[in-house]
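Written below as structure tokens is the structure these notes are about.
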Amino acid sequence: AYILETEQDYREAAAEYLKAIALAPALSPLYLDLGRVYYIKLDKFDDAISALRRAIELDPANPQVHTELGRCFYSKGDYEAALTSLQKALATDPKYATAYGYLGWVYYFGLRQYDKAIPQFQKALDLGRFSAGRTAEYYTELGWSFYFMGKCPDARPNFQKALDLL
């Protein structure tokens, strides 16, 4: 299934994940991967939510699963459900930087609540080790958040940090 996914044959990858689940129905990562393929590549949000909820049933302490469910809800436009899932991810692991980054996205892109996006992006950057591109993206979104709040002096150094990484 994973090989098919990397080859961008997403329908077949989903079919193979389902076959693997039939063989090992208690293996949470299979539901996680199936859910990710469903919502990111096939736009099957309801199927993705079902798969990710099953992954959570099997492994409720895994912050990655809660984060993926939050990303799915975000992609579907259900920002309140996204916030709930991402907050559950952080309840399981308060140092899970990826969840802070996605919380920032929900507040920034989804809800346009820049004052709430800022601490999420800052926490993600403080805790995480992201690619240069992702780090630059977070600094850019911090900069725009400050800008949209009328805090241009705070925006400029974040934009500069983003530029320095590119």
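Heads up: numbering here begins at 1 and tracks the sequence. This structure is a prediction, so every number in the text was calculated from the model and none was measured.
Within a 6.0 Å radius of OH in Tyr147, other residues, nucleotides and ligands contribute 12 heavy atoms or fewer. Around the CD1 atom of Ile3, the shell of radius 6.0 Å holds no more than 12 heavy atoms that belong to other residues, nucleotides or ligands. More than 12 heavy atoms of other residues, nucleotides or ligands lie within 6.0 Å of NZ in Lys76, so this atom counts as buried by the packing criterion.
Pairing each heavy atom of Leu42 with each of Ala14, the nearest pair is CD1-CB, 4.1 Å. Nearest approach of Leu127 to Pro94, heavy atoms of both residues: CD1-O, 3.9 Å. What you find for Ala13 and Ala1 is that their closest heavy atoms are CB-O, 3.5 Å. Taking both residues in full, the closest heavy atoms of Leu18 and Tyr38 are given as CD1-OH, 3.6 Å, listed atom of the first, atom of the second, then distance. Annotation for Thr98 and Thr67: closest pair CG2-CG2, 4.2 Å, computed over non-hydrogen atoms. Contact detail for Ala162 and Thr140: the closest heavy-atom pair is CB-OG1, 3.3 Å.
Aromatic ring pairs are classed by plane angle as parallel below 30°, tilted from 30° to 60° and perpendicular above 60°; the pair Trp105 and Tyr138 is perpendicular.
Using modelled atom types, no side-chain atom of Ser85 and backbone atom of Ala82 make a donor-acceptor pair closer than 3.5 Å. Side-chain N or O atoms of His66 include one that pairs as donor or acceptor with a backbone N or O of Pro60 at under 3.5 Å. With Tyr139 contributing its side chain and Pro157 its backbone, the two residues share no donor-acceptor pair below 3.5 Å. With hydrogens and angles disregarded, a donor-acceptor distance shorter than 3.5 Å links the side chain of Tyr31 to the backbone of Pro25.
In summary, the side chains of Gln120 and Tyr108 do not present any donor paired with an acceptor at a separation below 3.5 Å, with no hydrogens or angles considered. For the residue pair Asp126/Gln122, the side-chain donor-acceptor check at 3.5 Å is not satisfied.
With respect to the salt-bridge test (charged N to carboxylate O, under 4.0 angstrom), the residues Arg36 and Asp33 qualify.
Residues Asp154 and Ile118 fail the side-chain proximity criterion, which asks for heavy atoms closer than 4.5 Å. Looking at heavy atoms from C-beta onward, Glu80 lies out of side-chain contact with Phe73 at the 4.5 angstrom threshold. Annotation: side chain of Leu142 is in contact with side chain of Leu125 (closest heavy-atom distance under 4.5 Å). Looking at heavy atoms from C-beta onward, Thr92 lies out of side-chain contact with Asn62 at the 4.5 angstrom threshold.
Under the 4.5 Å side-chain heavy-atom criterion for grouping Ile, Leu, Val, Met, Phe, Trp and Tyr, Ile40 is not connected to Tyr74 through any hydrophobic cluster. If you chain together hydrophobic residues whose side chains sit under 4.5 Å apart, Tyr39 and Phe109 never meet in one group. With hydrophobic clusters built from ILVMFWY side chains whose heavy atoms lie under 4.5 angstrom apart, Leu30 shares a cluster with Leu34. In this structure, Ile56 is not a member of the same hydrophobic cluster as Leu83, with clusters built from ILVMFWY side-chain heavy atoms closer than 4.5 Å. When the side chains of ILVMFWY residues are joined at heavy-atom separations under 4.5 Å, either directly or via intervening members, Leu111 and Trp144 end up in a single hydrophobic cluster.
Put simply, CD on Gln64 and CZ on Arg71 are 9.5 Å apart, with the number rounded to the nearest 0.5 Å. The distance from the CG atom of Asp115 to the CZ atom of Phe148 is 13.5 Å, given to the nearest 0.5 Å. Tyr79 OH to Leu86 CG: the interatomic distance, rounded to the nearest 0.5 Å, is 13.0 Å. From Glu16, atom CD reaches atom CD of Glu5 across 12.0 Å, with rounding to the nearest 0.5 Å. Atom CG of residue Asp47 and atom CG of residue Leu52 lie 11.0 Å apart, to the nearest 0.5 angstrom. Atom OG1 of Thr6 sits about 8.5 Å away from atom CD of Gln8, to the nearest 0.5 Å.
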If you apply the rule side chain to side chain contact (heavy atoms under 4.5 Å, CB included), what do you find for Ile21 with Arg54, and how did you get there?
CA-CA 11 Å; Ile21 286 168; Arg54 179 67 181 134; over 6 Å; no
